[in-house]
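Being a predicted model, the structure only gives us computed values, none of them experimental.
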Amino acid sequence: MAHTTTSIDIAATPAQVWQLIGGFNSLPDWLPYIPSSTLSAGGRIRHLANPAGDVIVEQLEAYDNTARSYSYSILQAPFPASDYLSTLQVSAIADSQHARVTWSGRFTPVGVSDEEVTQLFHGIYVAGLEALQQALAR
């Protein structure tokens, strides 16, 4: 099983960051790669579309508002991976006026090497966290 983790420090309080990203349906609010999201199954499943029109279906696996963290799995996606589980977490650093956002995932490659699928998801996470930082700077 392959895995990757990346994080970014943001000049905003953890509460401010979580307010933006803490909803399971909030990706379109801060991640340009995902222009739309629709919930089903009582809010546990999100149906996403990327700019190419690919369908991505994800399931909420764990949600902890107090710890500012949620984990989700992928049910359907155009990615060469299975057994995907990812976590987004916001934590306080130093003076609590800054937040560290960590995005991590584990997955099994399908038809590609561990390195290829790890680079794919690592790139998505890095670009996503950079987009989050830009969204909070506005």
S.K.: When you group the ILVMFWY residues by side-chain heavy-atom contacts below 4.5 Å and let the links chain together, are Tyr72 and Tyr63 in the same group?
M.R.: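 In one cluster: yes.
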S.K.: Which residues pass the salt bridge (Lys or Arg N to Asp or Glu O under 4.0 Å) test with Arg44, not counting sequence neighbours?
M.R.: none
S.K.: Give every residue pair that meets the salt bridge (charged side-chain N to carboxylate O under 4.0 Å, His left out) criterion with at least one member in residues 3-22, sequence neighbours excluded.
M.R.: Asp9-Arg100
S.K.: Report the distance from atom CH2 of Trp103 to atom CG of Leu88, rounding to the nearest 0.5 Å.
M.R.: 5.5 Å
S.K.: Applying side-chain contact (heavy atoms from CB on, under 4.5 Å), name anything that partners His98, two or more places apart in sequence or on another chain.
M.R.: Ala11, Ile93, Asp95
S.K.: For Glu58, give me all partners under side-chain hydrogen bond (donor to acceptor under 3.5 Å, both in side chains), at least two apart in sequence or on another chain.
M.R.: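 For Glu58 the side-chain hydrogen bond (donor to acceptor under 3.5 Å, both in side chains) partners, ignoring immediate neighbours, are Arg46.
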S.K.: Can you list everything that forms a side-chain hydrogen bond (donor to acceptor under 3.5 Å, both in side chains) with Ser71? Sequence neighbours excluded, please.
M.R.: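 Per chain and number, Ser71 pairs via side-chain hydrogen bond (donor to acceptor under 3.5 Å, both in side chains) with Thr87.
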S.K.: Which donor-acceptor pairs under 3.5 Å do the side chains of residues 120-129 make with protein atoms, sequence neighbours left out?
M.R.:
residue	atom	partner	partner atom	Å
His122	ND1	Thr4	OG1	2.7
Tyr125	OH	Tyr84	OH	2.8
Tyr125	OH	Ser86	OG	3.3

S.K.: How long is the gap from CZ on Arg106 to OG1 on Thr5, to the nearest 0.5 Å?
M.R.: 12.0 Å
S.K.: Does any pair with a residue in residues 63-90 pass salt bridge (charged side-chain N to carboxylate O under 4.0 Å, His left out), and if so which ones, sequence neighbours excluded?
M.R.: none
S.K.: Identify every side-chain donor-acceptor pair in residues 29-41 under 3.5 Å, counting partners at least two apart or on other chains, and give the distances.
M.R.:
residue	atom	partner	partner atom	Å
Tyr33	OH	Asn50	ND2	3.0
Ser37	OG	Asn25	OD1	2.4
Ser40	OG	His47	NE2	3.0

S.K.: Could you check if a side-chain atom of Pro78 sits within less than 4.5 angstrom of a side-chain atom of Ile56, using non-hydrogen atoms only?
M.R.: yes
S.K.: Identify the heavy atoms of Thr108 and Met1 that sit nearest to each other, and give their distance.
M.R.: OG1-CE, 3.4 Å
S.K.: Can you give each donor-acceptor pair under 3.5 Å made by side-chain atoms of residues 14-24, sequence neighbours left out, with the distance rounded to 0.1 Å?
M.R.:
residue	atom	partner	partner atom	Å
Gln16	OE1	Thr13	N	2.8
Gln16	OE1	Thr13	OG1	3.3
Trp18	NE1	Asn65	OD1	2.7

S.K.: What pairs meet the salt bridge (charged side-chain N to carboxylate O under 4.0 Å, His left out) rule with one or both residues in residues 69-78, with sequence neighbours excluded?
M.R.: none
S.K.: Who are the side-chain contact (heavy atoms from CB on, under 4.5 Å) partners of Gln59, not counting sequence neighbours?
M.R.: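 Gln59 satisfies side-chain contact (heavy atoms from CB on, under 4.5 Å) with Ile45, Glu61, Ser73, Leu75 only.
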S.K.: Return each pair, listed once, that meets salt bridge (charged side-chain N to carboxylate O under 4.0 Å, His left out) where at least one residue sits in residues 112-128; pairs must be two or more places apart or across chains.
M.R.: none
S.K.: Kindly give the heavy-atom pair with the smallest separation between Leu60 and Ala62, and that separation in Å.
M.R.: CD1-O, 3.6 Å
